[in-house]
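Some notes on the structure that comes next.
Values reported hereafter were calculated over all heavy atoms of this structure, with side chains retained and with hydrogens, waters and symmetry mates removed.
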Amino acid sequence: MSETPTVHPETAQLMERILYEVKRVVVGQDRFLERVMIATLAQGHLLVEGVPGLAKTLTVKTLAEALRGQFKRIQFTPDLVPADLIGTRIYNQKSGDFSTSLGPVFTNLLLADEINRAPAKVQSALLEVMQERQVTIAGQSHPVPRPFLVMATQNPIETEGTYPLPEAQVDRFMMKVVVDYPSDEEEYVIVERMIGPKVQAHAVATMEQIADLQQQCRQVYVDPSLLHYAVRLVSATRYPERHDLADLKPMITFGASPRATIALTEGARALALLRGRGYVLPEDMSDLVPDVLRHRLVLSYEALSQGLSSDAVIGRIMARVPAPSKPLEHEKLAA
């Protein structure tokens with residue numbers, strides 16, 4: 001590495017235009033929108049938890065319009081079957097042949113609304129699509145369009161008629177984002193926009209440009225000390241006693257998998273790119289730790305009985321595992 005990595009001005013301008021167009025329609029939810037952009041650039045998937053009416057669907061739909069991408073929404077219900085997602089083979093009586101009818105997963109941005117309302121067989125149908133980005137129907141593989149992002153929502157206030165997500169599927173999501181209510185000022189602007197003329201987002205980018213941004217994201221420099229930081233954070237969820245957190249050992253049944261370390265690194269790269277840098281800083285990684293880890297921790301009954309949440313456990317781990325303090329390589333080069 002001979003020079004400090006920088007982001008090309010055209011790249012920064014493109015991302016600013018995309019965010020501006022979405023913000024013309026969506027009020028507030030800056031953090032949620034940032035996470036959606038991070039998942040898009042890092043080629044990950046989002047699990048979103050929030051009460052109804054917080055512009056989750058509107059955000060993804062508006063982003064698809066700004067990117068000239070395909071957007072599809074699936075409302076998960078208890079009577080859904082896997083063929084409703086991935087497609088099926090249809091027999092043509094006139095020709096005597098079978099034809100393949102592709103399901104709604106063949107899109108760029110897929111919103112799986114209330115994913116925990118469908119049974120496990122349907123939820124697992126998303127596994128191959130999310131991991132392999134392809135669907136197998138009657139022994140034949142069909143790749144989904146690129147780029148491809150799955151954003152699944154679940155309602156935290158209703159448990160009747162819901163099915164818990166399998167741990168294997170939860171681990172496929174790069175981040176779990178908790179969406180909160182807007183502030184009073186933001187809600188005033190929301191109502192003002194809804195009762196006024198409809199604002200339409202303009203297409204300012206193409207999916208080919210997003211694919212190029214994804215490749216640029218892979219070139220963002222990550223210092224080895226930050227990789228060690230990510231490894232230590234994830235290791236502390238599995239073996240807390242090795243990090244002077246022995247009191248947390250009875251609270252955690254299962255820690256995070258290596259996917260968490262990968263997601264933390266790739267997410268930090270995307271966040272650095274969004275912030276106009278070609279290198280990752282410690283704050284890029286630490287900002288994403290709760291979103292990357294909260295759905296990967298399986299807390300024990302003892303922790304739940306004490307009212308301990310995953311975020312509280314993560315907070316204690318972050319307080320004990322320090323971010324790199326020595327000068328990073330790019331900082332030395334810049335100096």
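Remark: D212 engages no residue in a salt bridge (charged side-chain N to carboxylate O under 4.0 Å, His left out) (not counting sequence neighbours). R232 is linked by a salt bridge (charged side-chain N to carboxylate O under 4.0 Å, His left out) to nothing, counting only residues two or more places apart in sequence or in another chain.
V313 is not listed as a side-chain neighbour of T237, based on a closest heavy-atom distance of 4.5 Å or more. Counting heavy atoms from C-beta outward, I74 and L80 have side chains that approach closer than 4.5 Å. By the 4.5 Å heavy-atom criterion applied to side chains, D291 and I38 are not counted as neighbours. L85 places a side-chain heavy atom less than 4.5 Å from the side chain of F76. Side-chain atoms of E114 and Q75, non-hydrogen and from C-beta on, do get closer than 4.5 Å to each other. Looking at E21 and T62, their side chains never come closer than 4.5 Å, going by heavy atoms from C-beta outward.
Panel note: side chain H142, backbone L102; no donor-acceptor pair is recorded below 3.5 Å.
Within 6.0 Å of CZ on R218 lie no more than 12 heavy atoms contributed by other residues, nucleotides or ligands. Summarising the local packing, NZ of K176 is surrounded by more than 12 heavy atoms from other residues, nucleotides or ligands at distances under 6.0 Å.
In this model, no donor atom of one side chain and acceptor atom of the other lie less than 3.5 Å apart for S309 and D311.
With F32 as the aromatic partner, R35 does not meet the cation-pi criteria of under 6.0 angstrom to the ring centre and within 45 degrees of the ring axis.
No option in K61, K72, R73 other than R73 meets the salt bridge (Lys or Arg N to Asp or Glu O under 4.0 Å) test with D113.
Rounded to the nearest 0.5 angstrom, L227 CG and T261 OG1 are separated by 9.5 Å.
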